Protein chains: 2
Amino acid sequence: MSILTAAADVFRCFSRTRHDVTVTDLVSLLGMPKSNASRLLRAMRDEGLLETVGDSKRYRPSLLLAQVGQLYRFAASLIDRADAVVGRVSDQIGHTGYISVRRGTEIIGVTAHPGRHALRVVTSIGDRIPAFASSTGRALLARLSDAEVRALYPEGFTAPSQTAPRDMDELLVRLAETRRAGFAESHDEAVRGVRAISVGVGDPTTGDEVALCISFPAATVEPGERLAIIRSLAEGAAEIAALTQDKRFFPLNLSNAETAP
Amino acid sequence: MSILTAAADVFRCFSRTRHDVTVTDLVSLLGMPKSNASRLLRAMRDEGLLETVGDSKRYRPSLLLAQVGQLYRFAASLIDRADAVVGRVSDQIGHTGYISVRRGTEIIGVTAHPGRHALRVVTSIGDRIPAFASSTGRALLARLSDAEVRALYPEGFTAPSQTAPRDMDELLVRLAETRRAGFAESHDEAVRGVRAISVGVGDPTTGDEVALCISFPAATVEPGERLAIIRSLAEGAAEIAALTQDKRFFPLNLSNAETAP
DNA sequence: AACTTAAGTTCCATTTATTAGAACTTCTTT
DNA sequence: AAAGAAGTTCTAATAAATGGAACTTAAGTT
């Protein structure tokens, strides 16, 4: 067991609600002896991985981490490209846009573009939501085969809301529809009154896959505006897919069903 | 010598021009045996500190790092507050704004707001510039005593441009002027034709100190506009200083000299 | 101001990980 | 198919990490 494990665990202790940690935090969160916690935090600070807050006993992520983390966006150029598309669409229509990645059965927001409208969806980056119960998640799951999706959920799942898929069969039907139409849609799933449109795209050379999503209040968006969102998002994603030569990309395929939901 | 040292060194290998590293990169950059480089990269990936790019032998920062690094801004909430002020001023006047921190004798950009004008200053975050030869640097150095500034430069320095301080005595004079006026100014220092206005502010409870800066082309900015920038920046910084009870804050003090430069 | 408790640090012998070099494998180039 | 480059695995020697207890410091409490 390398000390890198412990260091990575320390990083995982930080969250939106925990911006700094102390020796006792580590003892209770990670269950390590406080002698180790004390030395670990000091060692990580000495190496520049953490900073002490003032001259207190509190430790927070360092500037180095902020800089290296920032590079992630550029390193993963797919994210950068997808972010540009979502930013453009979000600016154009005024609704909140964000891009997400999948880690196992979870979807994690990577970048966000807050909308301009007074009533808008607020998503903060770093949030984790279940993949099967969101449009972003299904846009990404649709890129897997049915067998791979089944393998992700060996013990099934329980739907968190009325409109989410209730079981694996229902999920696979929704994924098939996502593949056919070229986009995924959710309504009242994670947040009541919120509708979201998502498109998945990947980069075969890096193996990265991201979901582009626009999220908006269901009540105030006209059918025509919804169609415009779908078209813009799909068009932008298609450009990226062409660039990366993404073979698993599902192009937009609007039928009567989608034009009048 | 802990493996944390090596891990931190790996992080420091990443830069704007190097988004991923290989075993041989580490060998040449850090001078370590390639057996160590190989195992280190794999260990860091296994712990979630790095990711492999696709299925290649290239390693890049991980999503975890991006998330933890993102928290730096909130952990150091002074940065967030200062960023809000600079963003507001930048939006208002259309010129590039950024906030920076000092690490020893270097200034590092943390967040940036690109201006709207066709001719604008482009500063990318993560850039390092010498503290004594920039307005941001002097805004932060002014918060130290003369003795502390001397201690920072035991062997003096050499001026990189005509308008930068040539020696310690000249620097201390400029710092005294910065303290009196409540802001620092540079002209043709880091970049020819560029003028910058900076104000420093700190948070005594965390020990953080940041510089708020607006940077603009010297030729196209009228004296009145320059004064407006100074006033907006100083006002925003003063609000932060009041909030954090920053006792080392130097309030704006405009004399004839500043109003007609 | 003395007491009490909580939080953090240092010490120690023991256990465990890390190191550097060489041999080995795999991938690329010609 | 051969040669070279890049990466991985192996080894014993070396160095670091561990956890328990003793110790120090800080923060309340009476």
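Everything quoted here is computed from the prediction, not taken from an experiment.
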Asks: Using the C1' atoms of the five pairs at each end, what is the angle between the end axes of the helix from C:dA1-D:dT30 to C:dT30-D:dA1, to 10°?
Replies: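 One end's axis against the other's: 50°.
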Asks: Would you sort out whether B:Ser62 and B:Glu51 count as a side chain to side chain donor-acceptor pair (under 3.5 Å), showing the intermediate values?
Replies: CA-CA 5 Å; B:Ser62 70; B:Glu51 296 179 350; 5.3 Å; no
Asks: State, yes or no, whether a side-chain contact exists between A:Asp25 and A:Cys13 at a heavy-atom distance under 4.5 Å.
Replies: no
Asks: Tell me: CG of B:Leu4 to C1' of C:dT19, nearest whole Å?
Replies: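 Going from CG in B:Leu4 over to C1' in C:dT19 covers 16 Å.
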Asks: Measuring only between side-chain heavy atoms, which start at C-beta, is B:Arg180 closer than 4.5 Å to B:Phe250?
Replies: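 Side-chain contact under 4.5 Å: no.
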Asks: Can you measure A:Ile3 atom CD1 to D:dG19 atom P for me and round it to whole angstrom units?
Replies: 11 Å
Asks: Please give, in whole Å, the distance from D:dA26 P to A:Arg58 CZ?
Replies: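 The answer, rounded to whole Å, is 16 Å.
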Asks: Quick one: CG on B:Leu65 to CG on A:Leu65, what's the gap to the nearest 0.5 Å?
Replies: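 It is 4.5 Å, given to the nearest 0.5 Å.
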Asks: What is the distance, rounded to the nearest whole Å, between atom NZ of A:Lys57 and atom C1' of D:dA27?
Replies: 11 Å
Asks: If you define the side chain from C-beta out and look only at heavy atoms, does anything of B:Leu41 sit under 4.5 Å from B:Val23?
Replies: yes
Asks: Listed in order of residue number, which residues of residues 23-39 of chain A have a non-hydrogen atom at under 4.0 Å from DNA chain C?
Replies: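 Listed by number, they are A:Val23, A:Thr24, A:Lys34, A:Ser35, A:Ser38.
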Asks: Any chance you could measure A:Ser135, atom OG, to A:Ile107, atom CD1, to the nearest 0.5 Å?
Replies: 9.5 Å
Asks: Roughly how many Å is it from CG in A:Leu41 to P in C:dT10, rounded to a whole number?
Replies: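 These atoms are roughly 13 Å apart.
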Asks: Of A:Arg45, A:Arg58, A:Lys57, which meets salt bridge (Lys or Arg N to Asp or Glu O under 4.0 Å) against A:Asp20?
Replies: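 Looking at A:Arg45, A:Arg58, A:Lys57, the match for A:Asp20 under the salt bridge (Lys or Arg N to Asp or Glu O under 4.0 Å) is A:Arg58.
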Asks: For residues 138-145 of chain B, run the donor-acceptor check on the side chains, cut-off 3.5 Å, and write out each pair with its distance to 0.1 Å, sequence neighbours left out.
Replies:
from, atom 1, to, atom 2, distance (Å)
B:Arg138, NH1, B:Phe132, O, 2.9
B:Arg138, NH1, B:Glu189, OE1, 3.0
B:Arg138, NH1, B:Glu189, OE2, 3.1
B:Arg138, NH2, B:Glu185, O, 3.0
B:Arg138, NH2, B:Glu189, OE2, 2.7
B:Arg143, NE, B:Glu209, OE2, 3.0
B:Arg143, NH1, B:Asp246, OD2, 2.8
B:Arg143, NH2, B:Glu209, OE2, 3.4
B:Arg143, NH2, B:Asp246, OD1, 3.0
B:Arg143, NH2, B:Asp246, OD2, 3.2
B:Ser145, OG, B:Glu148, N, 3.1
B:Ser145, OG, B:Glu148, OE1, 3.3

Asks: Whole-Å distance between C:dT26 C1' and B:Arg42 CZ?
Replies: 14 Å
Asks: Give the rounded distance in Å between these two atoms: CZ of B:Arg45 and P of D:dG7.
Replies: 14 Å
